[in-house]
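Numbered from 1 within each chain, the chains take letters A, B, ... in sequence-line order.
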Amino acid sequence: MRLKQGFYQKDAVQAAKDLLGKVIVRKYNDKTIKVKIVETEAYCGAEDKASHAHNNKKTKRTAPMFKKGGHSYIYLIYGMYYCLNVVTAAENNPHAVLIRAVEPLKGLNYIKENRQIKSSKIENLTNGPGKLSQALKINKNLDGCNLIESDFLYIIDTETEEFEIENSPRINIDYAEEYKDKKWRFFIKNNKYISRS
DNA sequence: AGGAGGATGGACT
DNA sequence: GTCCATCCTCCTT
């Protein structure tokens, strides 16, 4: 079942944990890809120095973070890769969850098609934020889209096996001063598709 | 198993 | 001009 508006009306830390095990559905050109979320990071409102929306900084790029929970926030990083975030909490409270790694469930052939790499290891296809965006053909066109209504990108809840959640500091946010040690990265314990241990 | 180097572009000072 | 919520390949231990 598709996650509804209510699911997203919570702070990013809670949402980052709740999103683990949920399934992202991506459709384009009559193709369907499904992947399970196995690793996330929470970026928490105006106080969080790691967040693009620190001090409520609202620009063309960060505007989607200020939307009501349940929208996407997609930005270009290092000139080459896109990162997919799920906006949470209330309108004008810029919380978002970065999807850092996913596990392929359906459409593996399409994922391989979208990811041209030498390595043939399945784990290397979607175990990082830039990788999974490439695998799912995620780009600026999907920035700010409504995950409750979109036919191209949304998240569903399915029967999943029990799992344990581990946490750690977030990746590559050395600039965030006292916020860089917050353990706001969450991942499924022992899952082989996480970006790093 | 881990580091160097490069690719590449938008946002911001 | 500098900084990035990154990744890939090739190289040395």
Where at least one partner belongs to residues 68-82 of chain A, residue pairs that pass side chain to side chain donor-acceptor pair (under 3.5 Å), sequence neighbours excluded: A:H52-A:Y73
Look at atom NZ of A:K34 and say whether more than 12 heavy atoms of other residues, nucleotides or ligands are closer to it than 6.0 Å. no
Can you give the first and last nucleotides of DNA chain B, 5' to 3', that have an atom under 4.0 Å from a heavy atom of chain A? B:dA7 to B:dC12
C1' atoms of C:dG1 and B:dT8, separation to the nearest Å: 16 Å
Sorted by chain and number, sequence neighbours left out, side chain to side chain donor-acceptor pair (under 3.5 Å) with A:N191 holds for A:E103
Qualifying residues under side chain to side chain donor-acceptor pair (under 3.5 Å), relative to A:S197, sequence neighbours excluded: none
Return the set of residues passing side chain to side chain contact (heavy atoms under 4.5 Å, CB included) with A:A42 (not counting sequence neighbours), or none when no residue passes. A:A12, A:V13, A:A16, A:C44, A:W184
Going 5' to 3' through nucleotides 3-13 of chain C and flagging B where a protein heavy-atom sits under 4.0 Å of the base, S where only the sugar-phosphate is that close, and - otherwise, we get -BBBSSSS---
Output all residues satisfying side chain to side chain donor-acceptor pair (under 3.5 Å) with A:R115, sequence neighbours left out; order by chain, then residue number. A:Q134
Please, which pairs that meet side chain to side chain donor-acceptor pair (under 3.5 Å) have at least one residue in residues 41-50 of chain A, sequence neighbours excluded? A:E41-A:Y43, A:D48-A:R170, A:K49-A:E177, A:K49-A:E178
Name all residues meeting the side chain to side chain donor-acceptor pair (under 3.5 Å) criterion together with A:D18; count only those two or more places apart in sequence or in a different chain, and write none if there are none. A:K10, A:Q14
For DNA chain C, the expected dot-bracket line (Watson-Crick or G-U under 3.5 Å, [ ] crossing, | inter-strand) is ||||.|||||||.
Partners passing side chain to side chain contact (heavy atoms under 4.5 Å, CB included) against A:K192 (at least two apart in sequence or in another chain): A:E123
Between C:dC4 and B:dG6 - C1' atom distance, rounded Å: 16 Å
Applying side chain to side chain contact (heavy atoms under 4.5 Å, CB included), name anything that partners A:K4, two or more places apart in sequence or on another chain. A:M1
